[in-house]
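Residues: numbered from 1 along the sequence shown.
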Amino acid sequence: MAEGTVDYYAMVEEAWQLSDAARDYVKNAGRDVDNAELWDKLFASSPLIDLERTRAEGGQPLQKIFFKNPYGLQYRADHKDWIPFRHGALDPAYLQAI
């Protein structure tokens, strides 16, 4: 990737890694884990997270986590997991055909 370009693929991969970490945390706990615990133990300490926006717009109980980039995680109650979503615009100048 050229210097000065934005790697949206890497941003999505980071979101999936945090999603996987949350899934592993719940699995290893061996019990029901609420989103507040995941926030305290896992999400809040991540350098990816836009803390102010998540606190303002994430919902009560927490349903969305906003990253400092255009991505984040949203909670799927029917699956009891967190998956990536895009909350911001992508700059077309950095999008390339694959």
Side-chain angles (χ1 to χ4, degrees):
M1 176 123 331
E3 185 176 335
T5 61
V6 177
D7 190 348
Y8 292 116
Y9 179 79
M11 291 177 194
V12 173
E13 283 299 309
E14 289 175 329
W16 277 114
Q17 289 170 3
L18 196 53
S19 170
D20 291 343
R23 193 172 293 109
D24 290 345
Y25 182 94
V26 171
K27 180 181 172 186
N28 291 334
R31 58 180 167 77
D32 285 342
V33 175
D34 66 15
N35 291 346
E37 180 178 341
L38 282 172
W39 174 257
D40 291 340
K41 301 290 185 181
L42 183 68
F43 296 135
S45 63
S46 171
L48 299 172
I49 306 300
D50 181 336
L51 296 173
E52 289 183 26
R53 183 168 183 193
T54 298
R55 287 183 180 126
E57 300 177 33
Q60 287 296 328
L62 188 63
Q63 297 294 310
K64 289 189 174 185
I65 297 171
F66 295 89
F67 289 7
K68 295 172 186 171
N69 63 44
Y71 296 95
L73 295 175
Q74 65 184 3
Y75 185 67
R76 296 190 304 177
D78 56 337
H79 290 83
K80 295 184 179 183
D81 67 357
W82 291 88
I83 61 167
F85 81 105
R86 184 169 53 86
H87 63 79
L90 303 181
D91 185 339
Y94 294 113
L95 301 176
Q96 299 177 359
I98 297 176

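- Side-chain contact between Gln74 and Ile83 is present, with at least one heavy-atom pair separated by less than 4.5 Å.
- Residues Phe66 make up the rest of the hydrophobic cluster containing Phe85, defined by ILVMFWY side-chain heavy atoms closer than 4.5 Å, directly or through other members.
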Could you list the donor-acceptor pairs under 3.5 angstrom formed by side chains in residues 41-51, with sequence neighbours left out?
unit_1, atom_1, unit_2, atom_2, d
Ser45, OG, Leu42, O, 3.2
Ser46, OG, Leu48, N, 3.2
Asp50, OD1, Glu52, N, 3.4
Asp50, OD1, Arg53, N, 3.1

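- Among pairs with a residue in residues 19-30, those fulfilling salt bridge (Lys or Arg N to Asp or Glu O under 4.0 Å) read Asp20-Arg23, Arg23-Asp81, at least two apart in sequence or across chains.
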Should Val12 and Trp16 be marked as a side-chain contact (heavy atoms from CB on, under 4.5 Å) after you check the CA-CA gap, both sets of side-chain angles, and the distance that decides it? CA-CA 6 Å; Val12 173; Trp16 277 114; 3.7 Å; yes

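- For the pair Tyr71 and Glu14, the minimum side-chain heavy-atom distance is 4.5 Å or more.
- Listed by chain and residue number, nothing satisfies the side-chain hydrogen bond (donor to acceptor under 3.5 Å, both in side chains) test with Gln63 (two or more places apart in sequence, or in another chain).
- Judged as a side-chain contact (heavy atoms from CB on, under 4.5 Å), and not counting sequence neighbours, the contacts of Ala29 are Arg31, Val33.
- In this structure, the separation between CZ on Arg55 and CH2 on Trp39 is 5.5 Å, given to the nearest 0.5 Å.
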Passes side-chain contact (heavy atoms from CB on, under 4.5 Å), Tyr75 versus Lys80? Steps please. CA-CA 7 Å; Tyr75 185 67; Lys80 295 184 179 183; 3.6 Å; yes

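- When the ring pair (Phe, Tyr, Trp, His ring centres under 6.0 Å) test is applied to Tyr25, no partner is found at least two apart in sequence or on another chain.
- By the 4.5 Å heavy-atom criterion applied to side chains, Asn35 and Trp82 are counted as neighbours.
- Pairing each heavy atom of Met11 with each of Pro70, the nearest pair is SD-CD, 3.8 Å.
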side-chain contact (heavy atoms from CB on, under 4.5 Å) between Asn69 and Tyr8, worked out: CA-CA 9 Å; Asn69 63 44; Tyr8 292 116; over 6 Å; no

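- Looking at Leu38 and Leu62, their side chains never come closer than 4.5 Å, going by heavy atoms from C-beta outward.
- No more than 12 heavy-atom neighbours from other residues, nucleotides or ligands sit within 6.0 angstrom of CG on Asp32.
- By the 4.5 Å heavy-atom criterion applied to side chains, Pro84 and Leu73 are counted as neighbours.
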